[in-house]
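Quick one: the structure is below, questions incoming.
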Amino acid sequence: MKARQLLPSAARTRIMGWVLLLILAALGIVTLVTWRLLLSAVDHRMDAALHAEVAEFEELTLSGVNRTTGQPFASVEDMISDAIVYRVARPNEFFLGYVDGKFYDQCECIVAAEQIHAHDQTAAALAADHAFTTLVGSVTEPTSGSYHQPGLGDVRYQAMPVHLAGDPSTGVIVAAFLADPERADANAVAQLMLAVGAGTLLIATAAAWLVAGRILRPLRDVAETARSITDTDLSRRIPTRTDTTGDDLDDLVRTVNSMLDRVEAGVAAQRRFVDDAGHELRTPITIVRGHLELLDPHDPDDIRDTLALVDDELERMNRMVSDLLLLARAEQPTFLQTRPVDVGALTREIFDKVTGLGERDFHLDAVAEITLELDPQRITQALIALADNARRYTAAGDRIRVGSAVVDGWLRFTVADNGPGVSAEDQSRIFDRFTRGSAGGHRSDGAGLGLSIVAAIASAHGGRVELDSSPGGGAAFGVVLPIRQGEQWPES
């Protein structure tokens, strides 16, 4: 494994960082909200319990009767003692009594045996707390609140003033809860959530590392493929994966591969053009140079003949370059300018044009009456080239048939003649560049690119050129195009 593959890329690190940051933020928010809700529920429960206790105290003191003796209370002190004695306290709950701003009594509450000592210690600590006594010992109306004492933590309380007719003293009964022990379960839940969150974060870290690597793998493939492509080898492509079909990265890979296909096709077309031009132009250049070297500048006839030859060769070179440029453009997306075309009308227009090519018996066969998306100028160019080719290999009065038809879901333009036909050997290569048939007839002075151009036009439309011929039996060329948009001729 390469060293660079062992180190996390900057993009992979950023993806991991953002994923973990989002997870950490989500866990933190969930834990905080849950903890605060639990604390709120605990505080609400304590307040409700204190409120219920104070309501019972209020009911007792309003009666003014001692529950033990059945006699009216003699003093505020008696009322406070009777109210808080032998109360059944909840865990962490206790009751205190104050008279004239000073601590008077605490409950001998019924609690579990193992909690008696801690309960008494807590009550004693509050009773000895001067600040707490000042806070609750002299209230004149029901009061509730929270008080913090070092060692005990938060104390939630409700204080109720007590009065007795005929007694000038003022008493206060206080019901209180130690909030921190009551909140212990909520804190434990929050701590558990944090511990689970930490474990989840570790798992998410490993998962994010793997997922980030999997996500970025196509990008690494793009970089590796780009590094492997040279000016002499454009064949490398980014590997695609079936498990990512349809996602954005798969679209990126397919787009880059399509771009590389276009680049390779363009470079290949350029190379073919240069190779073909260099190969085919060498002969006329050699001819021109040879005649110019042998030219007698003092012989007018030699000068005239040489100039005519040079002009003819230059014209042939010009036609050859134009045909090569056309073939090069045939592989570009802008080669075709398609639009909906009435095929029947187009066939008749092409027939009218080819009738002027020479003294032949031109005949219009069946016409396909459909409308199809195609480039009418390129189709016209291809069929006229086929008709001109047929003219060169036939004699005056020979029949040349032009037509169009729909066959098996494909549109077929046909140009057929009754000339000498094409040999089996020529049929396998007649559409190659710079190839001429060996049959008799008037040979073109071109470079043998006409049928290659016809094949390029058909291929650009997603179709192909067909040839049905036998020596002495004439030749029928067909330009076959798909009717359904985007359909391609199947590979043979």
Side-chain angles (χ1 to χ4, degrees), residues 1-50 90-93 144-157 176-227 238-257:
M1 183 179 292
K2 298 179 181 179
R4 63 179 179 83
Q5 292 178 329
L6 297 175
L7 299 176
S9 66
R12 192 176 193 178
T13 303
R14 285 196 297 271
I15 291 176
M16 284 184 55
W18 280 109
V19 169
L20 296 181
L21 182 62
L22 290 175
I23 293 175
L24 184 61
L27 289 174
I29 292 173
V30 169
T31 301
L32 178 62
V33 170
T34 302
W35 179 57
R36 295 304 302 175
L37 289 175
L38 291 174
L39 290 182
S40 178
V42 171
D43 290 346
H44 179 74
R45 176 174 56 79
M46 288 190 292
D47 291 341
L50 292 175
R90 299 175 179 84
N92 304 311
E93 183 184 30
S144 61
S146 180
Y147 175 75
H148 183 80
Q149 185 190 63
L152 294 180
D154 286 337
V155 178
R156 299 184 73 86
Y157 66 88
F177 262 109
L178 288 182
D180 289 351
E182 291 292 313
R183 295 168 180 166
D185 289 342
N187 294 333
V189 170
Q191 292 172 358
L192 178 61
M193 291 183 66
L194 289 175
V196 172
T200 303
L201 195 62
L202 292 176
I203 296 174
T205 301
W209 176 267
L210 296 176
V211 171
R214 188 176 182 85
I215 290 175
L216 295 175
R217 187 185 306 165
L219 300 182
R220 292 197 299 271
D221 293 339
V222 170
E224 291 175 1
T225 301
R227 282 191 293 268
I238 305 168
T240 57
R241 295 171 292 158
T242 57
D243 59 342
T244 60
T245 302
D247 66 13
D248 292 338
L249 289 177
D250 181 65
D251 291 340
L252 172 64
V253 169
R254 288 189 286 105
T255 300
V256 174
N257 281 340

Show me the side-chain donor-acceptor pairs of residues 20-37 shorter than 3.5 Å, one per line, residues at least two apart or across chains.
residue : atom : partner : partner atom : Å
Thr31   : OG1  : Leu27   : O            : 2.8
Thr34   : OG1  : Val30   : O            : 2.7
Trp35   : NE1  : Asn187  : OD1          : 2.7

Which value, rounded to the nearest 0.5 Å, describes the distance between Thr13 atom OG1 and Trp209 atom CH2?
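Spacing of OG1 (Thr13) from CH2 (Trp209) equals 6.5 Å.
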
With sequence neighbours left out, write down each residue that passes salt bridge (charged side-chain N to carboxylate O under 4.0 Å, His left out) with Asp154, or none if nothing qualifies.
Arg183

Could you report the tightest heavy-atom contact between Val42 and Glu182, atom names first, then the distance?
CG1-O, 3.6 Å

Please give me the minimum heavy-atom distance between Asp180 and Gly153, naming the atom from each residue.
OD2-CA, 3.2 Å

Anything under 3.5 Å between a donor and an acceptor, one on a side chain of residues 190-200, the other on a protein residue two or more places apart or in another chain? List them.
residue : atom : partner : partner atom : Å
Thr200  : OG1  : Val196  : O            : 2.8

Determine the minimum heavy-atom distance between Leu39 and Ala186, stating which atoms define it.
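Scanning both residues, the minimum pair turns out to be CD2-CB, 3.9 Å.
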
Where is the tightest heavy-atom contact between Tyr157 and Ser146, given as atom of each residue plus distance?
CE2-N, 3.7 Å

Ser144 OG to Met46 CE distance, which is reported to the nearest 0.5 Å:
12.5 Å

Does Phe177 have any ring-ring contact (aromatic ring centres under 6.0 Å, His included) partners at least two apart in sequence or in another chain, and if so, which?
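Checked Phe177 against ring-ring contact (aromatic ring centres under 6.0 Å, His included); zero matches.
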
If I take atom CZ from residue Arg156 and atom CG from residue Leu178, how far apart are they, to the nearest 0.5 angstrom?
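Between Arg156 CZ and Leu178 CG, I get 12.5 Å after rounding to 0.5 Å.
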
